[in-house]
Number of protein chains: 2
Amino acid sequence: MPTGGATTYTGPVEDYLKAIYELERSTGSAATTDIAHRLEIAPASVTGMIRRLADQRLLDYEPYRGVRLTETGLRVALRTIRRHRVIETFLVRVLGYSWDEVHAEAERLEHAVSDALVDRMAAALDEPTVDPHGAPIPTREGTVDEAHYASVEELAPGERARVVRVSDEDPARLRYLGSLGLTPGVTVMVAARAPFDGPITLRIGSGRRATQQVVGPSLAHSLLVERLRTPHRPPHRPPHRPPQRPPHGPPLGPPG
Amino acid sequence: MPTGGATTYTGPVEDYLKAIYELERSTGSAATTDIAHRLEIAPASVTGMIRRLADQRLLDYEPYRGVRLTETGLRVALRTIRRHRVIETFLVRVLGYSWDEVHAEAERLEHAVSDALVDRMAAALDEPTVDPHGAPIPTREGTVDEAHYASVEELAPGERARVVRVSDEDPARLRYLGSLGLTPGVTVMVAARAPFDGPITLRIGSGRRATQQVVGPSLAHSLLVERLRTPHRPPHRPPHRPPQRPPHGPPLGPPG
DNA sequence: AAATATAATTAGCCAAGCCTAAAATTCTAC
DNA sequence: GTAGAATTTTAGGCTTGGCTAATTATATTT
Ligand SMILES: [Mn+2]
Ligand SMILES: [Mn+2]
Ligand SMILES: [Mn+2]
Ligand SMILES: [Mn+2]
């Protein structure tokens, strides 16, 4: 657990707050089962924990209605996320880790480093603003630039874009993306799309070193990009897309 | 907790094993109250924990008779100590920590780093053999060169020696030692000794940059040295020394 | 609107690590 | 060899963070 002058929290508490932050951001709300799934624990355990977190004023909790981070909870979440991402960046840039190895290590170290150590790592890296997966690093003061990006899944044929961010949790997926050359900063162009959630053919890179690869909708969904000026850009038309995750659970219900 | 293929242990368990290792080494045995004092917890808590550690075959425990590390317990202790010392060395050499700041940080990180990370840090440091306080770093394979050194307290007037190791737990003491120039590698000579556990006057360094300082018996005790060939070295005669720690507790009884 | 499905909570349990107070054991002195 | 001191263990309790099974609340169908 970090020592740093202020109150300290246990590893599990920090992981809950991080998970809730991410869920609030991406789906607008954090339901008990979402948290449980994310942390790979039983829903009943989540109920117990969020009651305690609510007692500590880290979140607002209305039974059966979900939770929301308080100001304090948000601050703790962002501090933990900053630690995680600074650590990942340090491991890659200073110790030669590959981008698929750092997440698990950071997931543990984020609870053990002091604020002073994070600051020293950040300074040694010249105050990085994004981690190796393109995720923004919150500042010491607790602000983040959480721009929301399109995913490759949303690009129309012919559109060009720059990869800005990929999901960092699955090492195998990261290795695969790496092998395709799909890393932040790289330019891609949608060469073709099969209908009905079919595979997307991407032109990766530019000029003579460009390659062409086919990615499935799941991979395309986790590849976040920034659109580039494209000659003859067609009007924005989201691709045909039936309800999410058909084989698994039902959708999560409307946010809020 | 470290992930590394093998079984993993909790932070508290690793700290117990480390403490027991150090106690066995320095006093020959590890008594319940010694462990309690070292870890700053109540003796009753120690009894509970060592019973569990004995169940796990990490140590042999005979009630009222103390404990001894098993082969397995020793291995875990040395692995943790290796982590601690590699981390300390890394923090000093790569991140610019001073030697009084690293112990607390390493005390937490030692339980969170993976074997892979320790190996990478060690490689980046060119496989260091001693930490910033002069303590030997166990190898990956679990061997240590635990030479036993004399302390400055044991030096006779006129003897010359090289500082090889200092106790790393008290930051204030480390800062003071640093301010006197008493760091591993430095040469010292006992210029004078006051009798009855009195202060020791040391000539620190050599040549024109040498300084002279007076240290008390407590500080002298924690300064470990290697004797150097000295002109006219007097026969080995330990200084007059009444029973250890007179004001505190009684001595620990014979080892074994 | 009732039936069903899903989500969430409650009830009761457990292990790890800590605590204090009381009892037991061992050591030390006389 | 016994009294007193010190050490160690036992007894009983607490918090954290998990679990399963059962129940209750909410959503979705029909
Ligand atoms: Mn974590
Ligand atoms: Mn990341
Ligand atoms: Mn420790
Ligand atoms: Mn050290």
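Residue numbers start from 1 in every chain, and the chains themselves are labelled A, B, ... in the order their sequence lines are given, proteins ahead of strands. We use all heavy atoms of the structure for the numbers below, so side chains are in, but hydrogens, waters and symmetry mates are not. For clarity, every value in this text was computed on a predicted model and none was experimentally measured.
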A.B. asks: Among the nucleotides dC19(D), dT24(D), dG17(C), which one has an atom lying closest to any side-chain atom of S45(A)?
C.D. replies: dC19(D)
A.B. asks: Please list residues of residues 50-57 of chain B whose heavy atoms come under 4.0 Å from any atom in DNA chain D, ordered by number; otherwise none.
C.D. replies: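 Within residues 50-57 of chain B, the residues near DNA chain D are R51(B).
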A.B. asks: Taking side-chain hydrogen bond (donor to acceptor under 3.5 Å, both in side chains) as the test, write out the residues that go with Y97(B), two or more places apart.
C.D. replies: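 Once residues adjacent in sequence are excluded, the partners of Y97(B) under the side-chain hydrogen bond (donor to acceptor under 3.5 Å, both in side chains) criterion are E105(B).
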A.B. asks: How about R57(A): does its CZ atom have over 12 heavy atoms from other parts shown lying under 6.0 Å from it?
C.D. replies: no
A.B. asks: Does one side chain, of H103(B) or E169(B), offer a donor that lies under 3.5 Å from an acceptor on the other?
C.D. replies: no
A.B. asks: For dG17(D) and Y9(A) - does any side-chain N or O of the residue sit under 4.0 Å from the phosphate oxygens OP1/OP2?
C.D. replies: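 Y9(A) to dG17(D) OP1/OP2: no side-chain N or O under 4.0 Å.
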A.B. asks: Between atom CZ in R65(A) and atom C1' in dA8(C), what is the gap in whole Å?
C.D. replies: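 Interatomic distance, CZ of R65(A) to C1' of dA8(C): 12 Å.
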A.B. asks: Taking the side chain of T10(B) as heavy atoms from C-beta outward, which of dT9(C), dG17(C), dG18(D) is closest to it?
C.D. replies: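 So the nucleotide nearest the side chain must be dG17(C).
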A.B. asks: Rounded to whole angstroms, how far apart are CZ on R38(B) and P on dC18(C)?
C.D. replies: 16 Å
A.B. asks: Just to be sure I understand the rule, does V13(B) reach a base, reach only the sugar-phosphate, or reach nothing, if contact means heavy atoms closer than 4.0 Å?
C.D. replies: sugar-phosphate
A.B. asks: Report the residue (G66(A) or Y16(B)) whose heavy-atom-nearest nucleotide on DNA chain C is the more 5′ of the two.
C.D. replies: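 Result of the comparison: G66(A).
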A.B. asks: With a cut-off of less than 4.0 Å, is there a side-chain N or O of Y61(A) near OP1 or OP2 of dT9(C)?
C.D. replies: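 Checking Y61(A) against dT9(C): at least one side-chain N or O falls below 4.0 Å of OP1 or OP2.
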A.B. asks: Is the F90(B) ring parallel, tilted or perpendicular to the F90(A) ring (thresholds 30°, 60°)?
C.D. replies: perpendicular
A.B. asks: I want to verify a distance call: between dG17(D), dT9(C), dA11(D), whose nearest atom is closest to the A44(B) side chain?
C.D. replies: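 Selected nucleotide: dA11(D).
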A.B. asks: Give the rounded distance in Å between these two atoms: NE2 of H37(B) and P of dC18(C).
C.D. replies: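 In whole Å, dC18(C) P and H37(B) NE2 are 17 Å from each other.
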A.B. asks: Evaluate K18(A) against E107(A) for salt bridge (charged side-chain N to carboxylate O under 4.0 Å, His left out), listing each step before the verdict.
C.D. replies: CA-CA 11 Å; K18(A) 250 189 1 169; E107(A) 200 55 58; 2.8 Å; yes
A.B. asks: For a quick check of understanding: with a heavy-atom distance under 4.0 Å over all strands, which category does P43(B) fall into, base, sugar-phosphate or nothing?
C.D. replies: base
A.B. asks: Give the rounded distance in Å between these two atoms: CD1 of I41(A) and C1' of dT20(D).
C.D. replies: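 That distance rounds to 14 Å.
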A.B. asks: Please give, in whole Å, the distance from dT7(D) P to D34(B) CG?
C.D. replies: 9 Å
A.B. asks: Assess whether atom CZ of R68(A) is packed by more than 12 heavy atoms of other residues, nucleotides or ligands within 6.0 Å.
C.D. replies: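 No, the 6.0 Å shell around CZ holds no more than 12 heavy atoms from other groups.
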A.B. asks: dG17(D) C1' sits how many Å from E14(A) CD, rounded?
C.D. replies: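 Checked: the CD to C1' distance equals 15 Å.
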A.B. asks: Over all strands shown, is T47(A) touching base, sugar-phosphate only, or nothing at heavy-atom distances under 4.0 angstrom?
C.D. replies: base
A.B. asks: Looking only at side-chain N and O atoms, does T33(A) come under 4.0 Å of OP1 or OP2 in dT6(C)?
C.D. replies: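 Checking T33(A) against dT6(C): no side-chain N or O falls below 4.0 Å of OP1 or OP2.
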A.B. asks: I need the CD1-P distance between I35(A) and dA7(C), as an integer number of Å.
C.D. replies: 14 Å
A.B. asks: I'd like to know if R82(B) pairs up with E141(B) as an ion pair, taking the criterion as any Lys NZ or Arg NE/NH1/NH2 lying under 4.0 Å from an Asp or Glu carboxylate oxygen.
C.D. replies: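 Salt bridge: no.
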A.B. asks: Using side-chain hydrogen bond (donor to acceptor under 3.5 Å, both in side chains) as the criterion, list what pairs up with Y21(B), not counting sequence neighbours.
C.D. replies: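 With neighbours one apart ignored, the set is E146(B).
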A.B. asks: Within this structure, what is the CE-to-C1' distance between M49(B) and dT9(D), rounded to whole angstrom?
C.D. replies: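 One finds 17 Å between C1' of dT9(D) and CE of M49(B), rounded.
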